[in-house]
Amino acid sequence: MRYYMIAFCLLSMILLSACNSLKVPKTTMNHQMSATPTDIVPTNSEWKVSGHPKANEDFPVSILITDKANKPIQSFDTVHEKKMHLFLVSKDLSYFSHIHPEYKGNGEFFFKTAFPAGGDYKLISEFTPKGGGDPSVESHWLQVEGAPAKEVPLVADKKLTKVVEGKKVSLSFENLTAGKTSHMTFTIRDAQNNKPIKNLEPYLGAMGHAVAISGDAEKFLHIHPMTMEGNGPKVTFMTIFPEKGIYKIWGQFQQKGKVSTVPFVVKVP
Ligand SMILES: [Cu+2]
């Protein structure tokens, strides 16, 4: 049964990534599986930003999600505890934020945010219209006025170990090749004493989340762990990078009620 599930999961991923590289589905094994692997509901989105957003100033954004006939989609599934997951990144991928817009009804989501500097930002929303098996993705580029941050060149990390908020996090891959199933493991230790952290807490219904975005900000993968078992120090994700190239990956893990975001830049051969 387990192997059947794995095979099914792989097949869904391959078919879906072939359909639309931006809409690569979740790759969790525990996640409810769709009836058919091409279960993405086609959508449109309308992003409304009032005025001209300026750096360091909160501004409101509303997103209207419609179907192909431009009728607002009424119901959304709650996936990983939320109806919509929204990722905000700067063009150079140096800035990253993961938030959850509020559902207002009648297809409309709402959030407020502020960006730390002027420049171009990509807003990537992920949601599942009710009855759709796999999440839909809609994105929008936004220009923010103000002094731009110094552009950070996106180069692959030489060392895949980072210390973030007292955690020493190492990233390792098995079978890292574009178009193939890769396993990506984060190992989390206490930066002070190097002891493995074994008390990770579920964050949005999983032992961690990972997001990968290609260097051109065109390809987006939201990845969930392969298992709910264990609370660290290792969290393994399974995914398919659709194309070769540079990707930035953010792992998010919760311990003692606090979420840490750990970024890595990798080159996928
Ligand atoms: Cu989310």
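Indexing begins at 1, ligand by ligand and atom by atom, following the structure's order. Just so you know, residue 1 is the first one in the sequence shown, and it goes up from there.
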_Trace of the side chain to side chain donor-acceptor pair (under 3.5 Å) decision for H80 with H85_ = CA-CA 9 Å; H80 285 279; H85 298 264; over 6 Å; no
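Inter-residue side-chain proximity for F237 and F186 is flagged as met; some heavy-atom pair is nearer than 4.5 Å.
Within H85, the N/O/S atom positioned nearest the Cu ion (ligand 1) carries the name ND1. Minimum-distance N/O/S atom of H100 relative to the Cu ion (ligand 1): NE2. Residue H98 approaches the Cu ion (ligand 1) most closely through its N/O/S atom NE2.
Put simply, H222 stays out of reach of the Cu ion (ligand 1), with no N, O or S atom under 2.8 Å from it. Using a cut-off of 2.8 Å, one finds that H209 contributes no N/O/S atom close to the Cu ion (ligand 1).
Just one residue in the list S136, S139, P135 forms a side chain to side chain contact (heavy atoms under 4.5 Å, CB included) with E126, and that residue is P135.
Side-chain atoms of T236 and T185 form a donor-acceptor pair, as typed in the model, at a separation below 3.5 Å. Residues S125 and E138 have side chains that never bring a donor and an acceptor to within less than 3.5 angstrom of each other.
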